[in-house]
Amino acid sequence: MLTAILAAFAGGIILNFMPCVFPVISLKALGLLRHQGNSASARTEGLGFLLGVIFTMMALAAVLLALRAGGTAVGWGFQLQSPLVIAALALIILGAALNLLGVFEVGLSLQRAGEINAEGRGAFVRSALTGALAIVVATPCSAPFMAGAVGYALVQPPLVALAIFLALALGFAAPFTAISLFPGMAKRLPRPGAWMDILKRGLAFPMFGAFAWLVWVLAQQAGTTALAAMLACAVVVSFTAWLYGIAQRRRYTGHSYKALLAVTVVLFLTAITPLPGVMHTQPAQPESQLANNITEVKWSPQTVAEMRGHGKAIFVNFTASWCITCQVNDRTSLSTQAVKQAISRTGTVYMVADSTKFNADIDDAMNAFGQGGLPLYVVYPADGSAPKVLPQVLTPSIVVNALNQASGKKA
């Protein structure tokens, strides 16, 4: 258990550097820079982020463990298997991006347009919400050390599992909390200045990138009808945010604003109300060609059992559209010519276990390998011996060597 707790803490630290978390983490970096030179405000930001991370992590872990105790085979990142959750998260990310661009401001302590200045309880709440959003976005990622720790937690008693998830949350929050609590570490940060307003607006574009990624995931899950509804909703919500910003400015300059504010509320409700009716998963896409003479075989436990030990190696790619590490490995390793040639030369059966939509069999299989999150790559040797789990970060040489060993053929 101690090993799992330490692995979870280390994995939480590394999670800060994973690409899926960067857009939200950049908000926290901006918060620290905002309070450079004011140790009390920096501590408020750091503690708010820490509590937001811990509360959200424990809430997600509690829901996950409760679902599993009830017989539902869900795994880490389960909430992103719901198109409605994806849609809601995409709109939150879009709103954060528009806020960074100055379209509207968050909180009642609005200062003059474009000024980055918020103190006291408003800063604490904002920082806590940033921590909560970071955890929700981070759950599809699985950093080194983390997958094994989460996999271990999912088969332990609830208190042990929650202790491991708490360690993961503490590791995730540790870098920014340490900098905010210890002024000596913060001295290495740049001094605040006018450049921060430019940085704030520039950080909107990674958020737009995260929004685009989530919309793409939604299209994979729920099809073109949901995609069209999401894009239409995004346009209306953006227009609503712009109107809300105007209403804020009118309020703080002493002009009437209530009629405009009422219009924004009506428009926002009109935009989001239809979403639940169209956010439903669609049937899976047909099997596709990986390369010439190489067909992606849809994974199932029965298919693996039928093909295993009959003279052909099997490579199983456990993946999902919302797993950015999976997508990076696909582009940099699995779809390279060297790997394609190795699959063809060794006669390996290439299977895809797609967890973009909920699949209890996939979660059960991952649990059997002691893995609580994606990506997961498993190679079954041609002779039917024990399968081998590959690292979560692949290179072409790792895959090629594993295929050669599994098939018993030399390069």
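What's counted below: heavy atoms across the whole structure, side chains too, no hydrogens, waters or symmetry copies.
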Do [X] and [Y] make a side-chain contact, defined as non-hydrogen atoms from C-beta onward lying under 4.5 Å apart?
| X | Y | value |
| --- | --- | --- |
| Phe9 | Leu168 | no |
| Phe172 | Ile135 | yes |
| Val266 | Val263 | no |
| Leu170 | Leu50 | yes |
| Met58 | Leu166 | yes |
| Trp322 | Gln221 | yes |
| Cys233 | Leu91 | yes |
| Val236 | Thr270 | no |

Within the 3.5 Å criterion, strictly below it, is a donor on Thr130 or Ser127 matched to an acceptor on the partner's side chain? no

Side-chain donor-acceptor pair under 3.5 Å between Ser407 and Thr346, yes or no? no

Between [X] and [Y], what is the shortest heavy-atom contact and its length?
| X | Y | answer |
| --- | --- | --- |
| Ala342 | Leu403 | CB-CD1, 3.9 Å |
| Asp363 | Ser355 | OD1-OG, 4.4 Å |
| Gln392 | Pro375 | NE2-O, 3.3 Å |
| Leu65 | Ala161 | CD1-CB, 3.7 Å |
| Ala132 | Thr56 | CB-OG1, 3.0 Å |

Can you tell me which residue among Asn317, Val378, Thr303 is in a side-chain contact (heavy atoms from CB on, under 4.5 Å) with Met351?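 It is Thr303; the other options fail the test.
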
What distance do [X] atom [atom1] and [Y] atom [atom2] have between them, rounded to the nearest 0.5 Å?
| X | Y | atom1 | atom2 | answer |
| --- | --- | --- | --- | --- |
| His310 | Asp383 | NE2 | CG | 12.5 Å |
| Ser397 | Asn404 | OG | CG | 11.0 Å |
| Gln337 | Ser344 | CD | OG | 10.0 Å |
| Ile93 | Phe211 | CD1 | CZ | 10.0 Å |
| Asn359 | Met366 | CG | CE | 11.0 Å |
| Leu89 | Leu133 | CG | CG | 6.0 Å |

Closer than 3.5 angstrom, by distance alone: can the side chain of [X] be matched with the main-chain N or O of [Y] as a donor-acceptor pair?
| X | Y | value |
| --- | --- | --- |
| Ser238 | Ala234 | yes |
| Asn329 | Leu394 | yes |
| Ser385 | Pro381 | no |
| Thr356 | Ser321 | yes |

Residue list, side chain to side chain donor-acceptor pair (under 3.5 Å) with Thr225, at least two apart or on another chain: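 Partners of Thr225 under the side chain to side chain donor-acceptor pair (under 3.5 Å) test: none.
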
Counting neighbours of CZ on Phe369 that are heavy atoms of other residues, nucleotides or ligands and sit closer than 6.0 Å, is the number greater than 12? yes

Is the count of non-hydrogen atoms from other residues, nucleotides or ligands lying under 6.0 Å from Leu159 atom CG greater than 12?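 At most 12 heavy atoms, drawn from other residues, nucleotides or ligands, come within 6.0 Å of this atom.
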
Could you walk me through whether Ile398 and Ser333 satisfy the side chain to side chain contact (heavy atoms under 4.5 Å, CB included) test, starting with their C-alpha distance in whole Å, then the side-chain angles of each, then the deciding distance to 0.1 Å, before giving a yes or no? CA-CA 9 Å; Ile398 289 175; Ser333 298; over 6 Å; no

Let's go through Leu374 and Thr319 carefully: what are the C-alpha distance in whole Å and the side-chain angles of both, what is the deciding distance for side chain to side chain contact (heavy atoms under 4.5 Å, CB included) to 0.1 Å, and is it a yes or a no? CA-CA 6 Å; Leu374 296 173; Thr319 185; 5.7 Å; no

For the residue pair Phe315 and Tyr350, categorise the inter-ring angle as parallel (less than 30°), tilted (30 to 60°) or perpendicular (more than 60°). parallel

Using side chain to side chain contact (heavy atoms under 4.5 Å, CB included), reason through Trp213 and Gln327 one step at a time and then give a plain yes or no. CA-CA 11 Å; Trp213 162 60; Gln327 306 306 318; 5.8 Å; no

Show, in sequence, the C-alpha distance, side-chain angles and deciding distance for Tyr377 and Val389, and conclude whether the side chain to side chain contact (heavy atoms under 4.5 Å, CB included) test is met. CA-CA 6 Å; Tyr377 306 100; Val389 176; over 6 Å; no

